[in-house]
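Here is the structure we will look at, set down as structure tokens.
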Protein chains: 4
Amino acid sequence: MRWTRRKEARPGEILDAALDLFVAKGFAATKMEDIARRAGVTAGTLYRYYANKEEIFKAVIRESLVPQLDEGEQLLSGFTGQTSAAELLEMVIRTWWRLIGATRLSGIPKLVIAEASNFPELARYHREQVIERGEKLIGRAIEYGIARGEFRPMRLEVAVRVICAPVVMAMLWKHSMPQCGEEFEPEPYLDEVIRTLVQGLAATPSP
Amino acid sequence: MRWTRRKEARPGEILDAALDLFVAKGFAATKMEDIARRAGVTAGTLYRYYANKEEIFKAVIRESLVPQLDEGEQLLSGFTGQTSAAELLEMVIRTWWRLIGATRLSGIPKLVIAEASNFPELARYHREQVIERGEKLIGRAIEYGIARGEFRPMRLEVAVRVICAPVVMAMLWKHSMPQCGEEFEPEPYLDEVIRTLVQGLAATPSP
Amino acid sequence: MRWTRRKEARPGEILDAALDLFVAKGFAATKMEDIARRAGVTAGTLYRYYANKEEIFKAVIRESLVPQLDEGEQLLSGFTGQTSAAELLEMVIRTWWRLIGATRLSGIPKLVIAEASNFPELARYHREQVIERGEKLIGRAIEYGIARGEFRPMRLEVAVRVICAPVVMAMLWKHSMPQCGEEFEPEPYLDEVIRTLVQGLAATPSP
Amino acid sequence: MRWTRRKEARPGEILDAALDLFVAKGFAATKMEDIARRAGVTAGTLYRYYANKEEIFKAVIRESLVPQLDEGEQLLSGFTGQTSAAELLEMVIRTWWRLIGATRLSGIPKLVIAEASNFPELARYHREQVIERGEKLIGRAIEYGIARGEFRPMRLEVAVRVICAPVVMAMLWKHSMPQCGEEFEPEPYLDEVIRTLVQGLAATPSP
DNA sequence: GATGAATGAGGGTTCATTCAT
DNA sequence: GATGAATGAACCCTCATTCAT
């Protein structure tokens, strides 16, 4: 048959294909026809759902990361005062990795970083919708640790980045190291990251 | 004669211009004519020195970081057994930032990460010539710390990445955060990184 | 049932919508979907009534002017020998303007002139069905004037064009001048046209 | 040879080709490649000289009509008070026809009228650069005639249009009538136009 | 050695048209 | 009879690359 009624499924299939290709080849090197073929349609069809390539790019970010963030926020909102800050921090990082880092979505940071200068509006959108919310989550964990005396006092926004950096890097490495024949094992790396951060942020033990 | 000097200087001027543009706009969005104009020549001239755009890209990556690494290695080769591992680690990170992070060269990691899949051969080259040497430098500092009992025992190649991650991220943020109106201040961030790493890697004090 | 009526009304509604759009934007710039939307149907439906865009265009031209011409001919057929040629000429021009010039149909000459080379067959049809009949009408008025000695002798087919030109131009200006911010007032213009023609065609008064 | 140094000749050749095609087929129906082929280059080359199709359109109007208008103005600026207004009017019309109507440039009005709605800016430019100057020329002739008592008093801007209409129509007919197998002979038509206008505008002879 | 005019392949996008539902 | 999702052929335009000068 020429077409089956999948109007509702199409946008998702398109974004799915686009995410794979953007992540694999970058924005500019991804051709509309490639996206179309992978989504099982022809190039013209893409334009029924998205005005142009850039809109697809934006939709990919919007539709894929934001829901994961919602879920992450919900999962982490329920911790009680019985959890130690160290446990909370570990939980945040491991949840982050499970929901995003271990999935295809881990390719998005690479995309956003690489294309930030060509699509500043997109970078801003990503910052507002994804980064700021994520940083808030992490910020709360640190605040909690400092308040409890578990973590030493420090500037919140700086500490947040100290924690984000190794996780974001893990996502980037996951997508760039295999290209040069190197393998990247996230697990031992993340274990060590968590250990180092927990110990590194800890309030110095009173003698 | 001035031209002779000019002729010999050309390749460097071209790579100089190309680095600026690649870093600012990415590989695909950088036009040959833009490179030419910025290098003070016309498009045709580029082809006297480089076979095509990809070769310029590769040359930029190849030529730019290696000399800095040479200098870095030399600077750090002279430390004596009197330096503490913590001091050494700080010195490594601060030197890294001074020689690379604080300069235009900080834009290269973004490029390599973004284009790793389109230029796997180049990614491999960069890994061998830059990353591996850098990791070796850092590995030596960790080894030294472990041997002295200052740092707790850990898998070297993992620890190396734990240290690299926040510094590389600083370079990436420096080039992507301004695009979304956010400012990134490397100094307080690096201070905190160093503090956290030093404390986080330290051997736990015997009670 | 309403649909039956609807079905019979459809072609007219389509041509109605198409006329508006063709006149406003030209043939090429008018999209099938725009026509459909304005006619209250979807694009696919147009093809139940017309084989393609060209056929719609042709139908628009064909169907729109001819009925008006019929009416015009009828109105003007009844003049008696008591009317002066000058009066008759004025009546022809004013009727022409009232039935066509003052309506949407005034946009058609622009269309036909612009697309004559792309649709020669249509141009020929328009000439035969519209222009020639119109010219005949005017020709009769002139003949009448010459026969009565009111108008000086002249070549009929030339005189006809001398009379048509200012009226056709009025229709063209009406549709092109507003686009450049100029307003076109047909009434004073037509008054002056009539005055000039009546005096200009008059047999020179015997001294 | 691959290319001969004709940088200076190219723009003219391109506009030449474009004018022919625009006049023959309209703006939208003229393909960039057609223009290129007729100008003896490839499509890409057009973009070295003009940013896009619309710019070519604008350049065609600008470069072709304006110089003719300059010449026309100069030719007509030298008439003395000895010339009768009738002679002057005839001279204006015949000069207009000789410099524009009898040449390829006679195709431009059709273009402008047809595309006025799609390119309002262009229509405005044409009005300012061409029409207004032309109307001024004609306005002066009428004023002169009224001042001398040769022409009857009338609103200048209306009279100007009464005179322009038949000449512009001649240019339009010249380009649209051949498409429907009809031939248009400008000479007898213009003779009659002039005769009618001169007589039609004349002050009525005192008895 | 340098220029820059010209090429031509290829990408993004549009839209008349088709046809399964 | 009507729909509207999908197609695919063009078209405009870009730009890396070439090569006569």
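Chain letters run A, B, ... following the sequence lines, proteins first, then strands; residues in each count from 1. Quick caveat, the model's predicted, so the values are computed rather than measured.
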Between R104(C) and D16(C), is there a side-chain N and carboxylate O pair less than 4.0 Å apart? yes

Between R124(A) and E128(A), does at least one N-O distance fall below 4.0 Å, as a salt bridge requires? no

State the CD1-CG distance between I113(B) and L172(A), to the nearest 0.5 angstrom. 5.0 Å

Is the phosphate of dT3(E) approached by T45(B) (side-chain N or O, under 4.0 Å from OP1 or OP2)? yes

Contact nearer the 5' end of DNA chain F, comparing E54(B) with E54(D): E54(D)

Looking at K110(D) and V23(D), would you say the former's side chain and the latter's main chain have a donor-acceptor pair under 3.5 Å? yes

Hey, does the side chain of T30(C) reach the backbone of K25(C) with a donor-acceptor pair shorter than 3.5 angstrom? no

Note: contacts of residues 27-44 of chain A with DNA chain F (heavy atom, under 4.0 Å) are V41(A), T42(A), G44(A)

Aromatic rings F57(B) and F27(B): how do their planes relate, parallel, tilted or perpendicular, breaks at 30° and 60°? perpendicular

Think Y49(A) has a side-chain N or O under 4.0 angstrom from the OP1 or OP2 of dA6(F)? yes

Are OP1 or OP2 of dA2(F) and a side-chain N or O of R48(C) less than 4.0 angstrom apart? no

Nucleotide-level pairing of DNA chain F, given in dot-bracket where Watson-Crick and G-U pairs need both distances under 3.5 Å and | marks other strands: .||||||||||||||||||||

Taking only side-chain nitrogens and oxygens of Y47(D), does any of them come within less than 4.0 Å of OP1 or OP2 of dT14(F)? no

Cation over ring face, K58(B) and Y125(B), 6.0 Å, 45°: no

In whole angstroms, how far is the P atom of dT13(E) from the CG atom of N52(D)? 17 Å

Distance, rounded to the nearest Å, where L46(D) contributes CG and dC11(F) contributes P: 14 Å

